[in-house]
Amino acid sequence: MSGSDGQSDESVGDVGGGMDAGAHTGELPEQLTSAAAADVLGISGPTLAKWVSERRIDASKKGTHARFKREDVLELRRRNAEARRAAFEELRALDNDNEEFLAD
């Protein structure tokens, strides 16, 4: 998958979502470690483990270590961003609807 600039849409620099800009370079592998998946999602390792137990994201085991499909991580990141945007828009609408109560 390529963006308009010819770079992969799945490069680490493009995924953002809690990652420091420029902190990583290169392509995301097909399988991510829990640390890498948590980094892409902008969450902690324990939160990622909780999300696995809640079945918000699938994980496979390689020995004793969890692995996450790149597509699953990026899709969850997209869904989380959509939910944040929707919540923000709802808050903005509520703020606009109640502007007279909030004026100083």
Side-chain angles (χ1 to χ4, degrees):
M1 199 188 290
S2 292
S4 59
D5 61 0
Q7 291 186 345
S8 169
D9 289 338
E10 296 167 348
S11 68
V12 177
D14 292 339
V15 293
M19 296 177 62
D20 295 332
H24 304 282
T25 58
E27 301 263 334
L28 286 173
E30 289 289 324
Q31 296 284 316
L32 301 175
T33 64
S34 53
D39 195 29
V40 168
L41 293 167
I43 60 174
S44 68
T47 298
L48 181 60
K50 179 181 174 191
W51 287 5
V52 170
S53 70
E54 295 171 347
R55 299 180 186 247
R56 288 179 68 177
I57 187 168
D58 290 328
S60 60
K61 288 284 192 173
K62 183 166 185 165
T64 59
H65 301 283
R67 295 289 183 262
F68 299 86
K69 290 181 184 175
R70 174 184 60 208
E71 299 83 27
D72 292 347
V73 172
L74 294 176
E75 175 61 20
L76 180 56
R77 186 178 151 268
R78 185 194 62 74
R79 287 192 325 255
N80 288 346
E82 278 183 10
R84 278 192 308 275
R85 277 190 293 275
F88 178 76
E89 291 302 325
E90 183 178 336
L91 183 60
R92 180 185 286 174
L94 183 63
D95 188 43
N96 288 339
D97 291 345
N98 296 298
E99 197 170 90
E100 69 274 5
F101 298 113
L102 301 173
D104 288 329

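The analysis underlying the following values was restricted to heavy atoms, covering all of them including side chains, and did not include hydrogens, waters or symmetry mates. We number each residue from 1, following the sequence as shown. Note that the coordinates shown come from a computational prediction; the quantities given were computed from them, not determined experimentally.
With respect to E75 and R78, a salt bridge is recorded, a charged nitrogen being found less than 4.0 Å from a carboxylate O.
Applying the side-chain hydrogen bond (donor to acceptor under 3.5 Å, both in side chains) rule to E89 yields no partners; only residues at least two apart in sequence or on another chain are considered. R85 pairs by the salt bridge (Lys or Arg N to Asp or Glu O under 4.0 Å) definition with nothing, not counting sequence neighbours. Take S60 and apply the side chain to side chain contact (heavy atoms under 4.5 Å, CB included) test, not counting sequence neighbours, and it matches Q31, R67. Residues that satisfy the salt bridge (Lys or Arg N to Asp or Glu O under 4.0 Å) test with E90, not counting sequence neighbours, are absent from this structure.
In this structure, K69 NZ and L28 CG are separated by 15.5 Å, a value rounded to the nearest 0.5 Å.
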Going by atom type alone, with no hydrogens or angles, which donor-acceptor pairs under 3.5 Å involve a side-chain atom of residues 42-58 and a protein atom two or more places apart or on another chain?
residue, atom, partner, partner atom, Å
S44, OG, T47, N, 3.2
S44, OG, T47, OG1, 3.0
S53, OG, K50, O, 2.7

Discussion item. What verdict does the side-chain contact (heavy atoms from CB on, under 4.5 Å) test give for H65 and T33, after you've listed the backbone C-alpha separation in whole Å, the side-chain angles of each residue and the deciding distance to 0.1 Å?
Written reply: CA-CA 8 Å; H65 301 283; T33 64; over 6 Å; no
